[in-house]
Amino acid sequence: MSGKPKLHYFNGRGRMESIRWLLAAAGVEFEECFLETKDDLAKLQKDGSLLFQQVPMVEIDGMKMVQTRAIGNYIAMKYNLYGKDLKERALIDMYVEAVIDLNELLMTHAFQPADKKEQHFATIVDKATNRYFPVYEKVLKDHGQDFLVGNRFSRADVQLLETLLMAEECKPDILAKFPLLQSFKARISNIPTIKKFLQPGSQRKPPLQEKDVPKLMKIFH
Amino acid sequence: MVGKPKLHYAKGRGRMESIRWLLAAAGVEFEEEFIETKESLEKMRNDGSLLFQQVPMVEIDGMKMVQTRAILSYIAAKYNLYGKDLKERAWIDMYVEGTTELMGMIMFHHFQPADTKEKNLALIIERATTRYFPVYEKALKNHGRDYLVGNKLSWADIHLLETILMVEEFKADALSTFPQLQAFKGRTSNIPTIKKFLQPGSQRKPPTDEKFVAMALKVFNS
């Protein structure tokens, strides 16, 4: 039975956003089922839909897939966004894993207690501009190609763009010292499927607002 | 140039241990270079060996690979421990991510302050016995086969065994209500390459102790 993938999560970015990005970039239409209350989550847990009692969960190709990375890997492979061989996959994995690390920092910012927020922000900016961005800037500089790996659009490009945009939401001039990342951002944003996803009305979710944090904590804690 | 993979990490389990397990299970000999001081870590950072300034780092097939999962995925695929197709890979990934979460809790536990350690341990055991172990118990029961996925040894089995043994170090009878997992543990431990790795004198590292935690905080905390 082939239907559109169906995403189960709350109506926000969280751990599902990278999956939305990947599906959208691959031009795959998908449906979403939003958890609004603790009961919604409990229902899914009780009916055996969630292998480890957690979301994200994506119904795809007859499976109820869980675990963000497993889902991301599957989609990337299926839609040829994972390089042409083992070595390209290795590079893509390295780049994606680091981006995930930076994403974690960005994602957890909204949940920081007020007295830790400023320090956390400083850490984000420090890591982004000293540890992560220089690597991707150098990769692009060294090979001079449009895409991170194998001169071909891959999952690494999608996830990096997602993170660059999130980082800019945090600090608008965060890419000031990274000219190649700036042109990468513009270039990848213009890919038709991604351009569409970046337009209002798409399934891309807005940044988490502080006012939404308590509601989230109620569902997941 | 084909040489043995070379592992760069502290002399302890941490994030490198799953990599040691996978290489050992695959029957691949490897070398290790232990980072014992902040200076040696800085040296590696300065000479460009560490893509994101962090370890684990594994020199393999002409690459200096970093990021634990990237390294593990590469090894699993290279040594045919990643299933035969996309769907099997999906299941292996899901199972491995589950055990990775549980192992992550254990890793994190070692760095907890003394006053929260006991509560944290109780949470680990609770999660192990109510969230994670039941999944693998059920998987084995449902298909009745020796291995988790595709009737063949895979990364998922190796990772599960590693996790089971780690949990048992905290609570020796953690598997008491999981007969399938007990049999799985017995069976998988007897696979020659794994049996060898479980013997004294192998490159398997001992349980994390306070000394390791202190060193790790000193050398790696940045």
Side-chain angles (χ1 to χ4, degrees), chain A residues 15 45 48 50-54 56-58 60-80 82-83 85-102 104 123 126-128 130-136 138-139 142 149 155-156, chain B residues 15 45 48 50-54 56-58 60-80 82-83 85-102 104 126-128 130-136 138-139 142 149 155-156 222:
Chain A
R15 295 189 183 285
Q45 287 168 329
L50 307 178
L51 191 64
F52 299 107
Q53 312 308 319
Q54 299 162 317
M57 188 270 276
V58 175
I60 184 168
D61 296 340
M63 297 180 287
K64 286 190 160 103
M65 284 200 75
V66 295
Q67 295 292 345
T68 314
R69 276 183 182 79
I71 299 165
N73 287 353
Y74 184 79
I75 294 167
M77 273 298 233
K78 183 176 176 181
Y79 296 103
N80 294 311
Y82 221 159
D85 57 27
L86 206 49
K87 285 234 171 149
E88 285 194 355
R89 222 161 81 183
L91 276 175
I92 290 168
D93 276 342
M94 283 191 271
Y95 296 154
V96 167
E97 282 298 307
V99 152
I100 289 174
D101 282 349
L102 182 52
E104 284 279 319
T123 302
D126 173 49
K127 290 263 154 80
N130 292 320
R131 178 173 285 189
Y132 297 108
F133 291 171
V135 173
Y136 302 103
K138 182 172 192 273
V139 167
D142 284 352
V149 178
R155 173 192 196 184
Chain B
R15 293 187 185 284
R45 282 174 167 163
L50 306 177
L51 191 61
F52 300 103
Q53 313 308 319
Q54 297 165 313
M57 188 270 273
V58 174
I60 184 167
D61 296 339
M63 298 180 285
K64 287 189 159 96
M65 286 200 73
V66 296
Q67 296 291 343
T68 313
R69 271 186 188 78
I71 298 165
L72 288 166
S73 294
Y74 182 79
I75 295 166
K78 182 175 178 182
Y79 295 103
N80 295 310
Y82 220 159
D85 58 28
L86 203 49
K87 286 245 171 138
E88 285 194 355
R89 233 181 97 137
W91 280 104
I92 290 167
D93 276 342
M94 284 191 271
Y95 289 146
V96 166
E97 286 298 302
T99 41
T100 297
E101 274 180 1
L102 183 50
E126 196 221 318
R127 284 278 154 84
T130 60
R131 178 175 286 192
Y132 296 105
F133 287 170
V135 171
Y136 304 95
K138 183 171 183 234
N142 281 352
V149 179
W155 176 17
S222 67

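Lettering of chains follows the sequences in order, A, B, ..., and the numbering in each one begins at 1. Keep in mind it's a predicted model, so treat the numbers as computed, not measured.
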side-chain contact (heavy atoms from CB on, under 4.5 Å) assessment of B/Tyr136 paired with B/Thr99: CA-CA 10 Å; B/Tyr136 304 95; B/Thr99 41; 3.5 Å; yes

Begin with the C-alpha distance, continue with both residues' side-chain angles, and end with the deciding distance and a verdict on side-chain contact (heavy atoms from CB on, under 4.5 Å) for B/Trp155 and B/Ile75. CA-CA 9 Å; B/Trp155 176 17; B/Ile75 295 166; over 6 Å; no

Where do A/Ile100 and B/Gln67 land on the side-chain contact (heavy atoms from CB on, under 4.5 Å) test, with the steps shown first? CA-CA 11 Å; A/Ile100 289 174; B/Gln67 296 291 343; over 6 Å; no

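Heavy-atom distances place no part of B/Lys138 under 4.5 Å from chain A, backbone and side chain included. Proximity to chain B is limited to the side chain of A/Asp101, based on heavy atoms less than 4.5 angstrom apart. A/Lys138 does not touch chain B: none of its heavy atoms, backbone or side chain, sits under 4.5 Å away. For A/Val135, the part lying under 4.5 angstrom from a heavy atom of chain B is the side chain only. For chain A, the nearby part of B/Arg89 is the side chain; its heavy atoms alone come within less than 4.5 Å.
Most heavy-atom pairs under 4.5 Å with chain A: of the set B/Pro134, B/Ser73, B/Ala70, this distinction falls to B/Ala70. The greatest number of non-hydrogen atom pairs below 4.5 Å with chain B, out of A/Tyr74, A/Phe52, A/Tyr95, is found for A/Phe52.
Contact record, A/Ile71 with A/Met65: CD1-O, 3.6 Å, taken as the closest heavy-atom pair.
Using a cutoff of 4.0 Å between basic side-chain nitrogens and carboxylate oxygens, B/Arg69 and B/Glu97 are scored as salt-bridged.
In this structure, a donor-acceptor pair under 3.5 Å is present between the side chains of A/Arg155 and A/Tyr82.
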